[in-house]
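FYI, side chains are in, hydrogens and waters are out, and symmetry mates aren't considered; it's all heavy atoms of this structure.
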Amino acid sequence: MSETYSVFSNLIWYAPLFIIWAIALILAFGKRSENPGRYNLIIIAMLLFLFNGFLGFISNVFLPVFLMRSGMGYQSYGWIFTVKGAVSTIFSAIGWALILMALFKKEK
């Protein structure tokens with residue numbers, strides 16, 4: 001029961017982001033013929049955001065359950081969540097860098 005609650009409570013928080021990223025992805029695919037270089041960068045960024053969000057959603061739901069069942073010490077939890085946060089931040093930074101590149105890309 002608690003795992004089901006965890007899935008739905010996390011989905012409520014991630015759903016608006018997933019919807020925005022999906023809409024941006026669809027719009028970028030639609031405008032791709034106008035400026036392929038710019039919109040390809042946006043498509044890659046949105047796919048990266050969706051992938052990062054999906055990983056974050058899955059890890060927020062299942063990682064605590066896995067860690068509790070694994071018998072690891074509480075000190076290990078901190079390291080695991082630190083690495084998870086670092087990887088998520090790196091993916092987000094790359095996605096934002098791609099958006100900024102697309103935004104300020106010079107027209108040919």
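- A donor and an acceptor atom, one from each side chain of Lys84 and Asn60, are located under 3.5 Å apart.
- Screening residues 21-31 for salt bridge (Lys or Arg N to Asp or Glu O under 4.0 Å), with sequence neighbours left out, gives Lys31-Glu34.
- A side-chain donor-acceptor contact under 3.5 Å links Tyr77 to the backbone of Leu67.
- Using a 4.5 Å heavy-atom threshold, the side chains of Phe51 and Leu55 count as touching.
- Side chain of Arg38 to main chain of Lys105: a donor-acceptor pair is present (N/O by atom type, distance under 3.5 Å, no hydrogens or angles).
- When the shell of 6.0 Å around CZ of Phe54 is examined, it contains 12 or fewer heavy atoms from other residues, nucleotides or ligands.
- Leu27 and Leu25 fall into different hydrophobic clusters, where Ile, Leu, Val, Met, Phe, Trp and Tyr are joined by side-chain heavy atoms under 4.5 Å apart, directly or via other members.
- Here the side chains of Leu98 and Ile42 are not in contact, with every heavy-atom distance at 4.5 Å or above.
- A donor-acceptor pair under 3.5 Å is absent between the side-chain atoms of Ser88 and the main chain of Gly85, judged by distance alone.
- Residues Leu50 and Ile90 do not share a hydrophobic cluster, defined by chaining ILVMFWY side chains whose heavy atoms lie under 4.5 Å apart.
- Put simply, CZ on Phe57 and CZ on Phe18 are 7.0 Å apart, with the number rounded to the nearest 0.5 Å.
- Asn52 places no side-chain N or O within 3.5 Å of a backbone atom of Leu48 that could act as its donor or acceptor partner.
- In this structure, Met101 is a member of the same hydrophobic cluster as Ile94, with clusters built from ILVMFWY side-chain heavy atoms closer than 4.5 Å.
- Considering CG of Leu17 and OH of Tyr14, their distance stands at 8.5 Å, rounded to 0.5 Å.
- Tracing side-chain contacts under 4.5 Å through hydrophobic residues (I, L, V, M, F, W, Y), one never reaches Leu100 starting from Ile43; they form parts of separate clusters.
- We find the CE-CG distance between Met46 and Leu41 to be 11.0 Å, quoted to the nearest 0.5 Å.
- Ring-plane geometry between Phe49 and Trp21 is classed as parallel, the angle between the planes falling under 30 degrees on a 0 to 90 degree scale with a further cut at 60.
- Residues Leu63 and Val87 fall into different hydrophobic clusters, defined by Ile, Leu, Val, Met, Phe, Trp and Tyr side chains chained together at heavy-atom separations under 4.5 Å.
- Residue Ala45 comes nearest to Gly95 through the heavy atom pair CB-O, 3.5 Å, listed as atom of the first residue, atom of the second, then distance.
- Proximity of Phe66 to Ile80: side-chain heavy atoms (C-beta onward) are nowhere separated by under 4.5 Å.
- The ring-ring contact (aromatic ring centres under 6.0 Å, His included) check on Tyr39 picks up nothing, with sequence neighbours excluded.
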